[in-house]
S.K.: 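Handing you a structure now.
Order of the sequence lines fixes the chain letters, A, B, ..., with proteins taken first and strands second; residue numbering starts at 1 for each chain. Since this is a predicted model, take the numbers as computed values, not measurements.
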Amino acid sequence: MTMNMRLRAAAVASALACLAAVSVPAQTIAITGGKVFPVSGPPIENGIVLIRNGKIVSVGANVTVPADAQRIDATGKLVTPGLFDAATQLGLVEIGQVSETRDTRAQGKDNIAAAFTVWDGLNPNSVLLAPARKEGVTTFAIMPSGGLVSGQAAVVDLVDGTTTDMIVRSPSAMVAEIGDAQQAGVASRGELLVKLRELLEDTKFFITHRAAFDRAETRDFRASRLDLEAMIPVVQGRLPLLVAVDQVSDIDAAMRLARQYDIKLIIGGGAEAWMMADKIAAAHIPVLTGAMNNIPSSFSSLGQRQENAALLTAAGVKVALVGNAGGGDEEAFNVRNIRSEAGNAVAYGMSWENALRGVTLAPAEIFGVADRLGTLQPGREANVVVWSADPFEFSTRAEHVLIRGIERTNETTRQDLLTQRYMNLPPAVIK
Amino acid sequence: MRVLNSILVLASVAALGCAGTTPTPAPTPAQSVSRDSVPPNLAGRGGVSLPNADPFPSTYVPFPSRTLVIRNVSIMTAAGPTIRNGSVLVQNGKITAVGATVDAPSDAVVIDGTGKYVTPGIIDVHSHIGVYAAPGGNALSDGNEATNPVTANVWAEHSVWPQDPQFPRILAGGVTTLQVLPGSANLIGGRSAILKVVPSRTVQGMKFPGAKYGLKMACGENPKRVYQNRGPSTRMGNVAGYRAAWIQAEAYRRRWDKWNADHKGDPPSRDLGLETLAEVLRGNILVHNHCYRADEMGQMIDIAHEFGYKIRSFHHGVEAYKVADLLGKEGIGASVWADWGSFKMEAMDAIKANLALVDRAAGSHGMIHSDDPSGSQRLNQEVSKAMAAGIAAGIPVTEDQALKWMTINPAWALGLDDKIGSIEKGKNADLVLWSADPFSVYARAEKVWIDGALMYDRSDPTQQWRTDFELGFVPTRNR
């Protein structure tokens, strides 16, 4: 938890500048009559969420609603924080196999691309943003991929604006992929760790020999100057290292490395994490994982099972649920399915409350933005969704979606336009 | 291990005891349905190989079953409205009664389904399980014979690994029948295999007795990408490729049909690929055509008209909704995802209401498919998403209609709608007992029966099939 506090302080500092640029509506909105799930506390029957100038100002059963407030009647409905997808390539990929619309990975140098700031490739005009927003996703974390060190991740809100407007925290993590030696440009798992260790050692050396480096009086480093620079907050414990890793022995190795270098670790994927859930919990390492993966789809994930998230949570691990069971290129198209990922987590042993936490507060805590996002509490961004019923059910609709206090309801997506265009076939051809 | 042990024993009896003879017990009625177009008097003439025969016959035998009655259960039949608080009776592997009440013999196994649901077994018409087996890698990559744009000569069943650990997972998701197709690298990719989701040492032991073969064809981006250096490298090249193949097939069919009629001289020489295509022209093999775009569907329909064959279903038809009326008029099915899109240019116009829009057109056969071992485990959830999207678009889809998208409609696409796909008297007892309404995200398949035999029981680890591959390798700790 102390690590989180450290992160949080850094988050506030880095995020304030971005926020100032976003225009906020000077209005008061009251969501009334619904069952409110603040996530930070127990549900409130017939609760009121009061929003002013894009922020939540009060939440409770006995909140005075100003006369001039715009009212949203949520009677019989559920009110939750906006959903947070903790690992996606939404906005980085428009059409998977059209390479000019893919901005997920860097060329890097020798499979190291620590300096790569993935958010610079985020397309705020992607037509895939609106469908996610329309189904209650208000925040997501974009991840670079590929190589050994893939680059830097960021947390963004689904506001309608520029990338600058959207960014909540950048970087939010350094991403590395340690399950695949070939991809890392080495011959074995052990050598992969050697290469990562070399990068960490070089970064530490670089910090203390900066002047000599600039005079070209140091030995050559395998990583570039910018990559070394980017790794500094990682070795100083200020920026978490998110390792995409599935096999339990690789998780163990990553944890050894993290202990040795005092690095703050996040496990991403973690197919076999359940096998050492207690140790992961004891080390206070959070895990981003799905709840719909159970296929031994590689020799690194033979132990993959749907109960992974539930078993980790039960052991005390902080778990953020991430989407995309199939793992395919359609991921960005279906960020909206994060809510059914949560539903499946419940079907396979997680409590409903923990599943909701896994798509709201848990990712906010993991990425150090819980002071801004993830709960319905005074002072938080007004990312709020009113659901017709249980948000995890397919038949449930997101009836109101507010992002930083701006209502995004009834947004027409490209998919809606196509549907409308072909809705009206000649009556004679209808069954 | 009670059930699985008896399964293994039975399977070995069937496999060992039937080389060249009829397996015991007696074949089901399905097995007596011949798909051959060979004159029976040719059989047994050593040295003359038999075109269109059944050289890899099914050795499937239903697993042991007992008379079974499920009572007090919501029965979603795919043949009419849901029967609340009803009963289903299963005898000798068949559904023998269904209704508000049934007369069950005293020795029947009785299952109380209070609060639960029964549906027909789910049918996945588009799978690559077995040909792209887990854990993957080159060694198990057997789905695309990407050496020639037309490989009508290959059969998916010759790539299927029965020990693929993905099979038991889809069984646990309620899938009882699947079509395994070759991949989509080729214009014409080869024959499909129609399999029951059962443990077997050989693929023949999984083959659905009497099922017609399918032929995989593919439109658009994949073939022209794979063959860009040798051709086809364009969509027009694709179309020229299909037509050239059918011209050859038509000539081959005439040669053989003539010889089969008069037996004059030596038989024409055999060509495995043309043999398969000729069987399509004769109507004995069903065409399953991977095709995303509406305009390409229009072209494939014209090619089918030109050569006189029928397309049974367009698969991955993300734009099927644009030509729903055309598909209905032609009697062509649409096999689609609920919500896959944007992974390639030709998938850009995917909409979630696709299935509801297609299935609303007169004459249409809309259905869900997976193309994915993860999605295949949750086709009920995929259907639920498609239903919700249809309703949101203003199309009044009911659960009873949506159920057909994963049961009787895919059964029709496989030509098996007289045997499976609905809960009706006389049908095979392929059933799934769900813990809740199957369209809820929380519903799980509790029990799955195939031909009346209990093949999966969530509450009993000894009744959960584990493939050879998983033994020892896949951890069971704390499961």
S.K.: Of all the heavy-atom pairs spanning Phe439(B) and Phe394(A), show the shortest one and how long it is.
M.R.: O-CD1, 3.6 Å

S.K.: Please flag which part of Glu94(A) lies under 4.5 Å from any non-hydrogen atom of chain B: side chain, backbone, both or neither.
M.R.: backbone

S.K.: Nearest 0.5 Å please: distance from the CG atom of Asp339(B) over to the CD atom of Glu330(A).
M.R.: 8.0 Å

S.K.: Start with the C-alpha distance between Asn354(B) and Tyr422(A), add both sets of side-chain angles, then the distance that settles side-chain contact (heavy atoms from CB on, under 4.5 Å), and finish with yes or no.
M.R.: CA-CA 10 Å; Asn354(B) 190 20; Tyr422(A) 288 95; over 6 Å; no

S.K.: Can you see which heavy atom on Phe299(A) is nearest to which on Pro135(B), and at what distance?
M.R.: CE1-CG, 3.4 Å

S.K.: CG/Leu418(A) to CG/Asp349(B) distance, rounded to the nearest 0.5 angstrom?
M.R.: 4.5 Å

S.K.: Can you see which heavy atom on Asn294(A) is nearest to which on Gln377(B), and at what distance?
M.R.: ND2-OE1, 2.7 Å

S.K.: Among Ser364(B), Gly137(B), Gly375(B), single out the residue with the greatest number of heavy-atom pairs under 4.5 Å to chain A.
M.R.: Ser364(B)

S.K.: Using a 6.0 Å distance limit plus a 45 degree cone around the ring axis, check whether Arg421(A) lies over the aromatic ring of Tyr321(B).
M.R.: no

S.K.: Against chain B, work out which of Glu272(A), Arg414(A), Gln420(A), Arg397(A) has the most heavy-atom pairs shorter than 4.5 Å and name it.
M.R.: Arg414(A)

S.K.: Could you state the interatomic distance from CD (Gln97(A)) to CG (Asn222(B)), rounded to the nearest 0.5 Å?
M.R.: 6.5 Å

S.K.: Is Ser435(B) close to chain A through its backbone or its side chain, or both, or neither, when contacts mean heavy atoms under 4.5 Å?
M.R.: neither

S.K.: Might you point out which heavy atoms bring Gln166(B) and Ile295(A) nearest each other, and give the distance in Å?
M.R.: OE1-CG2, 3.7 Å

S.K.: Between Lys344(B), Met345(B), Met348(B), Gln381(B), who has the most heavy-atom pairs with chain A when the cutoff is under 4.5 Å?
M.R.: Gln381(B)

S.K.: Please determine, by modelled atom types, if Ser440(B) and Glu393(A) share a side-chain donor-acceptor pair under 3.5 angstrom.
M.R.: yes

S.K.: After noting the C-alpha distance and the side-chain angles of Arg336(A) and Lys352(B), does the key distance pass the side-chain contact (heavy atoms from CB on, under 4.5 Å) rule?
M.R.: CA-CA 12 Å; Arg336(A) 54 195 168 187; Lys352(B) 284 173 78 174; 3.4 Å; yes

S.K.: Examine whether an atom of Ala350(B) lies under 4.5 Å from a heavy atom of chain A, and if so say whether it belongs to the side chain, the backbone or both; otherwise answer neither.
M.R.: both

S.K.: By a 4.5 Å heavy-atom criterion (distance strictly below it), what part of Thr419(A) contacts chain B: side chain, backbone, both, or neither?
M.R.: both

S.K.: Which bit of Ala393(B) is near chain A, if near means a heavy-atom gap under 4.5 Å: side chain, backbone, both or neither?
M.R.: both

S.K.: Identify which of Asp390(A), Thr413(A), Thr396(A) forms the greatest number of heavy-atom pairs closer than 4.5 Å to chain B.
M.R.: Asp390(A)

S.K.: Find the one option among Ala388(B), Ser384(B), Ala353(B), Gly136(B) whose heavy-atom pairs under 4.5 Å with chain A are most numerous.
M.R.: Ser384(B)

S.K.: Rounded to the nearest 0.5 Å, what separation is found between the CG atom of Asp437(B) and the OG atom of Ser395(A)?
M.R.: 8.5 Å

S.K.: Counting only heavy atoms closer than 4.5 Å, note whether Pro373(B) contacts chain A via side chain, backbone, both or neither.
M.R.: both

S.K.: Tell me, for Phe469(B) versus chain A, whether the close heavy atoms (under 4.5 Å) come from the side chain, the backbone, both or neither.
M.R.: side chain

S.K.: Please check this pair: side chain of Arg378(B) against backbone of Met292(A), looking for a donor-acceptor N/O pair closer than 3.5 Å.
M.R.: yes

S.K.: Compare every heavy atom of Ala134(B) with every heavy atom of Ser297(A), then report the nearest pair and how far apart it is.
M.R.: CA-CB, 4.4 Å

S.K.: Check each atom of Asn334(A) against the heavy atoms of chain B and say whether the ones under 4.5 Å are side chain, backbone, both or neither.
M.R.: side chain

S.K.: List the atom of Leu302(A), the atom of Phe473(B), and the distance in Å for their closest heavy-atom pair.
M.R.: CD1-CD2, 3.6 Å

S.K.: In terms of heavy-atom proximity below 4.5 Å to chain A, should Glu221(B) be classed as side chain, backbone, both, or neither?
M.R.: side chain

